[in-house]
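Below you'll find the structure, written out as C-alpha cells, and then a few comments.
All figures in this text were calculated on a predicted structure; none of them were measured in a lab. Throughout, residue positions are numbered sequentially from 1 according to the sequence presented.
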Amino acid sequence: MSILSITFHTIENRVEEWDQYLENDLVQMVENLMDVDKYILSEVDSSMIREGKNTNLFLMFDNDALREQFIINELQNISEHIVSKFGNEVMIFDTCLNPKKL
C-alpha cells in the first residue's frame with residue numbers, strides 16, 4: 001500500500017467558496033480517479049491554525065508506482081483547476097506517507 005496526503009489551506013475570506021468547490025468539483029474529480037483504492041476527505045481541526053481552513057485528502061494506492069503516476073499526472077491537473085479558480089488563496093501541500101506497519 002502507498003499513501004498520499006494532500007492538504008489544501010484556504011484563506012479565511014475564501015472558505016465559503018472553497019466549501020462549495022469541495023462538494024461540487026473536488027469530490028467529483030476524486031470519485032473519477034482510476035488508480036485510487038480508497039480515499040478519505042476531511043476537515044482538519046488544529047489548534048495551530050487560527051486563520052483560514054485546512055482540508056485533507058488522504059489517498060491510498062496499491063503501490064508506489066501508482067502513487068507516483070498520480071502525483072505526476074492527476075495532482076498536476078487538480079492543482080491547475082484549483083489555481084485557475086482560487087489563485088494563491090488555496091495552497092496545496094502533498095506528503096507521501098510510507099507505512100511501516102499496517
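In this structure, Phe86 and Tyr21 have perpendicular ring planes: the angle between them is above 60°, well past the 30° mark.
With rounding to the nearest 0.5 Å, the separation of CG in Leu41 from CD in Glu23 is 9.5 Å. Note that NE2 of His9 and OG1 of Thr55 are 10.0 Å apart. Values are rounded to the nearest 0.5 Å. Note that CE of Met91 is 10.0 Å distant from CD of Glu89, once rounded to the nearest 0.5 Å. Here the CG atom belonging to Asn24 is positioned 11.0 Å from the CE atom belonging to Met29, to the nearest 0.5 angstrom. Atom CE of Met60 and atom CD1 of Ile40 lie 4.5 Å apart (nearest 0.5 Å). Annotation: the span from Asp45 atom CG to Asn54 atom CG amounts to 10.0 Å, rounded to 0.5 Å.
In terms of heavy-atom proximity, Arg14 sits nearest to Lys85 at NH2-O, 3.3 Å.
Asn32 places a side-chain N or O within donor-acceptor distance of the main-chain N or O of Gln28, the cut-off being under 3.5 Å.
Criterion: ILVMFWY side-chain heavy atoms under 4.5 Å apart, direct or through other members. Under it, Leu26 and Val83 are not part of a common hydrophobic cluster. Both Ile82 and Leu33 are members of a single hydrophobic cluster when ILVMFWY side chains are connected at heavy-atom separations under 4.5 Å. No continuous path of ILVMFWY side-chain contacts below 4.5 Å connects Val44 to Tyr39, so the two sit in separate hydrophobic clusters.
Put simply, the side chain of Leu57 reaches to within 4.5 Å of the side chain of Leu59, judged on heavy atoms. Counting only heavy atoms from C-beta outward, the side chains of Leu22 and Glu17 never approach each other to under 4.5 Å. Taking 4.5 Å as the limit, some side-chain heavy atom of Ile3 sits within range of a side-chain heavy atom of Phe58. Between Arg67 and Asp64, the closest side-chain pair of non-hydrogen atoms falls below 4.5 Å. By the 4.5 Å heavy-atom criterion applied to side chains, Ile71 and Cys96 are counted as neighbours. No side-chain heavy atom of Leu75 sits under 4.5 Å from any side-chain heavy atom of Asn73.
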I'd like to know whether Ile11 forms a side chain to side chain contact (heavy atoms under 4.5 Å, CB included) with Lys53, so could you lay out the CA-CA distance, the side-chain angles of the two residues, the decisive distance to 0.1 Å, and finally the verdict.
CA-CA 7 Å; Ile11 64 170; Lys53 177 181 183 178; over 6 Å; no

Steps toward side chain to side chain donor-acceptor pair (under 3.5 Å) verdict (Ser5, Asn56)
CA-CA 7 Å; Ser5 173; Asn56 184 265; 2.8 Å; yes

Could you go through the side chain to side chain contact (heavy atoms under 4.5 Å, CB included) check for Ile92 and Thr7 one step at a time?
CA-CA 6 Å; Ile92 303 168; Thr7 301; over 6 Å; no

For Val36 and Val30, what are the C-alpha separation, side-chain angles and deciding distance, and is it a side chain to side chain contact (heavy atoms under 4.5 Å, CB included)?
CA-CA 8 Å; Val36 175; Val30 172; 5.6 Å; no

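Within a 6.0 Å sphere centred on CD of Glu43, heavy atoms belonging to other residues, nucleotides or ligands number 12 at most. Atom CD of Glu16 sits in a sparse spot, with 12 or fewer heavy atoms from other residues, nucleotides or ligands closer than 6.0 Å.
Aromatic rings from Phe70 and Phe61 are positioned such that their centres are separated by under 6.0 Å.
Judged by distance alone, the side chains of Ser2 and Asn63 never bring a donor and an acceptor atom under 3.5 Å apart.
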